[in-house]
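Numbering of ligands and ligand atoms starts at 1, following listing order.
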Amino acid sequence: MKSTGGSDEAKRNAGESAAEAVKDGMVVGLGTGSTAAHAIRAIGRAVDAGMDIRGVPTSFQSRQLARKEGIPLTDLDSVSEIDLAIDGTDQFAGGSLIKGGGAAHAREKVVDSAAKRFLVVADPSKEAERLDHPVPVEVLPPARTTVAADIRELGGEPTLREAERKDGPVVTDNGNLVLDCSFGEIHSPRELTRSLASIPGVVEHGLFVGMADEIHVGTDDGAEIR
Ligand code: 5RP
């Protein structure tokens, strides 16, 4: 799993801190990325130790890891509620997040918002005074040009996300494309959330405003809960 930002130790401490909130009998949303992966591994160890936990993956990647770790899986159609979700972030400022570095933000938003409690896991490199990271916007492939034009109207600069192999665009688990949209400093994440959501052809964007209940920030020595 690709690792970004801070040290792996900081990510591990964040993930393991959040995984301590997982209790016997819970249905847990399993986030995507290198920090959430540490939480998934810790949950796998809890399952090994006899805890009854079911996981709802937010991506193909988190499904594969959860399977490897022996976590029984379920989906949103099969459960009445999700007790807790643990997920990473690309940037946070106050309670607002920008997610989608792994192009999984559409499913992540569905699962994280359905959870009774949503815990974010991050290393200190993700913290900002004001959000300014490009906002990933998942678009239906035929709408990529019209959505890009609407984003420019909003003052953003969209870039189609290319695969690392440079052999074409990134295609999401849902078969869509991703525009990474730079807006500079985002002064009103809530307003931008509404504007992006109203563009025809936008499947989901990576602004998660007012959703997080706790942010577990890991360092090389431990974790702090915000
Ligand atoms: C995937 C995400 C990830 O949670 C985000 O990119 C953080 O990843 P990492 O913990 O590897 O830095 O939003 O869509």
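Proximity of a side-chain donor or acceptor of S59 to a complementary backbone N or O of S62 within less than 3.5 Å is detected.
Using modelled atom types, one finds no donor on one side chain facing an acceptor on the other under 3.5 Å when comparing E157 with S182. Counting only N and O atoms by type, the side chains of K11 and S34 include a donor and acceptor under 3.5 Å apart. Counting only N and O atoms by type, the side chains of T219 and D221 include no donor and acceptor under 3.5 Å apart. Q91 and D132 form a side-chain donor-acceptor contact under 3.5 Å, judged by distance and modelled atom types alone. Under 3.5 Å, the side chains of T159 and D180 contain no donor-acceptor pair of N or O atoms.
Taking only non-hydrogen atoms, the option from E108, H133, E138, H105 nearest to atom 1 (C) of ligand 1 is E108.
The atoms of ligand 1 that sit less than 4.0 Å from any heavy atom of G100 are 2 (C), 13 (O), 14 (O). Taking every heavy atom of G33 and a limit of under 4.0 angstrom, the matching atoms of ligand 1 come to 8 (O), 11 (O). Proximity to K11 (heavy-atom distance under 4.0 Å) selects the following atoms of ligand 1: 12 (O). Which parts of ligand 1 touch D87 is read off a 4.0 Å heavy-atom cut-off, strictly below it: atoms 4 (O). The ligand atoms of ligand 1 that sit less than 4.0 angstrom from a heavy atom of T89 are 4 (O), 5 (C), 7 (C). Each of the following atoms of ligand 1 lies closer than 4.0 Å to a heavy atom of D90: 5 (C), 6 (O), 7 (C), 13 (O). Residue-ligand proximity, T35 to ligand 1, at heavy-atom distances under 4.0 Å covers atoms 9 (P), 10 (O). Residue G88 has at least one heavy-atom neighbour below 4.0 Å for each of these atoms of ligand 1: 4 (O).
Using a 4.5 Å cut-off on side-chain heavy atoms (C-beta onward), L73 and R67 make contact. Contact check for I98 versus T89: no side-chain heavy atoms found under the 4.5 Å cut-off.
Only backbone heavy atoms of A103 (N, CA, C or O) come within less than 4.0 Å of ligand 1; its side chain stays farther off. Of the heavy atoms in V121, none comes closer than 4.0 Å to ligand 1.
For the pair K99 and D90, the salt-bridge criterion is not met [side-chain N within less than 4.0 Å of a carboxylate O].
Between A104 and ligand 1, at least one pair of N/O atoms sits closer than 3.5 Å. Taking distance alone, with nitrogen or oxygen atoms compared against 3.5 Å, A36 stays at or beyond that limit from ligand 1.
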